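Have a look at the structure below before the remarks.
Source: prediction; values computed, not measured.
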Amino acid sequence: MTTGNRSFLLPGKVDAYLATLNRHYRQQGEALLREVVVNGTVLIDEARDYDNWNGGRYGHAIALTVTEELYLRIVDEKDDIRRRIAADINKLNSSQDEYVSEVLIEMRTTDDDNWREATGIHRPHAAAPAISPEALSRIWGEGRIGVFLSHKSTVKENTSRIKQSLARCGVAAFVAHEDIEPTEEWQREIERALFSMDALVALLSDDYHDSNWTDQEVGVAIGRGVPVIAVRLGTDPYGLMGKGQGLGGCRWEYPDGIAVEVFQLLHKRLPDRSRLFECALSAYAASVSFVDSAWKVEHLLSNFDALTEDQVQRVLKAHRENGQNNNSINGRRLLTRLLEKWTGKTWNGAGRDLAPEAQENEDPF
């Protein structure tokens, strides 16, 4: 097996080493270890690590995927088992500059759409109310991700500033006191927002728990299974929110900082990150200054470790077509680094023109 110009021997010997370990563990009476090496489906990540401090050695990671039944039997001893298997393979290994850096044990998942019903304790959620396209447009505008800002009326001005900062990130936010039209029956409009939101951000001020409405809003989010992000602004998460630590170190005076941390958590928790990319891209395309451009590259686009070819081309288009982007020295420097990560190539250029080094006529992939 090869990576680049380097040929590796260890990956091709792993199955034979596992066969030897099977016999060894049988002799030693190590039943669980034997089951893992016999039944685990093998996947090898070649040259995952390089040990430059010990003569230059290439480390390979091995993943053993086992059934749920076996995984549950070994889960309490999993770390000891995977370290033992890695050490034992390295004892058998004859490749001087290669070794097993890590053995991972993973659980094989199965498609079981009805597992909740099969438990006998499942209580289906009430059906969400039908929401018209006009109402969705009124509530969320053109936002690609909709966040409900749950808050006490005592902090409505601070909440409005956080809404503006989220808009800077391309994320739409609903704030009840300012987003309800005077002609709308206010409770129905809040319900529409709650049942169409992508996430709820609870702004935990000192008096947050004093309102019945805020707890009900969080309850709807938990019942719908959408992410709940608790921001500690005087109160710690409680109840079902208490399972997570919440965002700490936040201050009302820095709404942009709160928005960035919310964006980063959305990146971790939303199932469809492509929609969040659209938020970041639209925000970058609308940069209003050199500083704003660099800020959006650093805090929004940098969250994405990998992009498709089409997504990279769209980022480049946003760079070319907005003078605040292509003339931002810091923004261009940061974007160049991201392009190198996304494409695996070296990029250079100035102003509107960014291209892979020495491959100006070649597609960046």
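Here the closest heavy-atom approach between residue Leu166 and residue Ala173 is recorded as CD1-CB, 3.9 Å. Closest heavy-atom contact between Tyr17 and Asn93: OH-CA, 3.5 Å. Closest non-hydrogen pair, Arg224 versus Ser196, comes out as NH1-N, 3.7 Å. The shortest non-hydrogen separation linking Ala280 to Phe263 is CB-CZ, 3.9 Å. Contact detail for Arg168 and Ala283: the closest heavy-atom pair is O-CB, 3.3 Å. The shortest non-hydrogen separation linking Gln311 to Thr308 is OE1-N, 2.9 Å.
One hydrophobic cluster, built from ILVMFWY side chains closer than 4.5 Å, holds both Leu270 and Val231. Residues Tyr25 and Val38 fall within the same hydrophobic cluster, defined by Ile, Leu, Val, Met, Phe, Trp and Tyr side chains chained together at heavy-atom separations under 4.5 Å. Cluster annotation: Leu203 is not connected to Tyr254 through the hydrophobic network of ILVMFWY side chains, with a link wherever side-chain heavy atoms come within less than 4.5 Å. Follow the hydrophobic side-chain contacts under 4.5 Å out from Val297 and you never reach Val291; the two are in separate clusters. Hydrophobic cluster membership is shared by Trp213 and Ile139, with clusters built from Ile, Leu, Val, Met, Phe, Trp and Tyr side chains linked at under 4.5 angstrom.
Around NZ of Lys317, the count of heavy atoms belonging to other residues, nucleotides or ligands within 6.0 Å does not exceed 12. Counted within 6.0 Å of CD on Glu253, heavy atoms from surrounding residues, nucleotides or ligands total more than 12; the atom is thus considered enclosed. Remark: Ile329 CD1 is loosely packed, at most 12 non-hydrogen atoms of other residues, nucleotides or ligands lying under 6.0 Å away.
Side chains of Glu98 and Pro11 form a contact here, defined as non-hydrogen atoms less than 4.5 Å apart. Here the side chains of Asp198 and Arg275 are in contact, with some heavy-atom distance below 4.5 Å. Residues Thr65 and Leu43 fail the side-chain proximity criterion, which asks for heavy atoms closer than 4.5 Å. Using a 4.5 Å cut-off on side-chain heavy atoms (C-beta onward), Leu149 and Lys163 make contact. Considering only heavy atoms from C-beta on, Val315 stays 4.5 Å or farther from Leu338 through its side chain. Here the side chains of Asn158 and Pro255 are not in contact, with every heavy-atom distance at 4.5 Å or above. Side-chain atoms of Val288 and Gln324, non-hydrogen and from C-beta on, never get closer than 4.5 Å to each other. Side-chain contact check for Leu335 versus Arg332: every heavy-atom pair is 4.5 Å or farther apart.
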(message) Checking Trp140 against Arg192 for the side chain to side chain contact (heavy atoms under 4.5 Å, CB included) test, could you report, in this order, the C-alpha distance in whole Å, the side-chain angles of both residues, the deciding distance, and whether it holds?
(response) CA-CA 11 Å; Trp140 303 116; Arg192 293 186 187 104; over 6 Å; no
(request) Show the numbers, then the answer: is there a side chain to side chain contact (heavy atoms under 4.5 Å, CB included) between Val262 and Ile162? (result) CA-CA 10 Å; Val262 167; Ile162 293 173; over 6 Å; no
(message) Quick one, Ser328 with Asn330, criterion side chain to side chain donor-acceptor pair (under 3.5 Å). Give me CA distance, side-chain angles, the key distance, then yes/no.
(response) CA-CA 6 Å; Ser328 172; Asn330 287 335; over 6 Å; no
(request) In sequence, state the C-alpha distance, the side-chain angles, and the governing distance for Asp256 and Trp295, and then conclude on side chain to side chain contact (heavy atoms under 4.5 Å, CB included). (result) CA-CA 10 Å; Asp256 282 354; Trp295 187 90; 4.1 Å; yes
(request) For the pair Arg314 and Glu278, evaluate salt bridge (Lys or Arg N to Asp or Glu O under 4.0 Å) and give the outcome as yes or no after the intermediate values. (result) CA-CA 10 Å; Arg314 293 173 63 201; Glu278 296 298 329; 2.7 Å; yes
(request) Kindly indicate, with the supporting measurements, whether the criterion salt bridge (Lys or Arg N to Asp or Glu O under 4.0 Å) is fulfilled by Glu134 and Arg138. (result) CA-CA 6 Å; Glu134 292 79 12; Arg138 180 178 64 248; over 6 Å; no
(request) Any chance you could lay out the side chain to side chain contact (heavy atoms under 4.5 Å, CB included) test for Leu204 and Asp236, step after step, and finish with the verdict? (result) CA-CA 7 Å; Leu204 301 181; Asp236 291 333; over 6 Å; no
(request) Dump the intermediate steps for salt bridge (Lys or Arg N to Asp or Glu O under 4.0 Å) on Arg84 and Asp88, then the final yes or no. (result) CA-CA 6 Å; Arg84 171 73 182 279; Asp88 289 344; 2.9 Å; yes
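Remark: side-chain polar atoms of Glu298 are not paired, donor with acceptor, to backbone N or O of Leu334 under 3.5 angstrom. At distances below 3.5 Å, not a single donor-acceptor pair connects side-chain atoms of Asn303 with backbone N or O atoms of Gln264. Remark: the backbone N or O of Tyr208 is paired with a side-chain donor or acceptor of Thr214 at under 3.5 angstrom. Judged by distance alone, the side chain of Asn322 and the main-chain N or O of Ala285 form a donor-acceptor pair under 3.5 Å. At least one donor-acceptor pair closer than 3.5 Å links the side chain of Glu340 to the backbone N or O of Trp347.
Separation of atoms CD1 (Ile74) and CG (Asp79) is listed at 10.0 Å; rounding is to 0.5 Å. Note: Glu189 CD to Gln187 CD = 12.0 Å, rounded to the nearest 0.5 Å. Interatomic distance, His209 NE2 to Asp215 CG, rounded to the nearest 0.5 Å: 5.0 Å. A distance of 12.0 Å separates CZ in Arg273 from CD1 in Ile145, rounded to the nearest 0.5 Å. Here the CD-CE distance, from Glu69 to Met107, works out to 12.0 Å after rounding to the nearest 0.5 Å. Rounding to the nearest 0.5 Å places OG1 of Thr67 at 7.0 Å from CG of Asn39.
Under the side-chain contact (heavy atoms from CB on, under 4.5 Å) rule, Ile62 has a single partner from Leu104, Ile89, Ile105, which is Ile89. When Val228, Val147, Leu266 are each tested for a side-chain contact (heavy atoms from CB on, under 4.5 Å) with Val201, only one passes: Val147. Put simply, the residue from Arg34, Gln27, Glu30 that forms a side chain to side chain donor-acceptor pair (under 3.5 Å) with Asn22 is Arg34.
For His319 and Tyr284, the ring centers are positioned 6.0 Å apart or more.
Ser95 and Tyr58 share no donor-acceptor pair across their side chains, judged by distance under 3.5 Å alone. Residues Thr154 and Asp207 have side chains that bring a donor and an acceptor to within less than 3.5 angstrom of each other.
Taking the six-membered ring for Trp and thresholds of 30 and 60 degrees, Phe304 and His267 have ring planes more than 60 degrees apart, a perpendicular arrangement.
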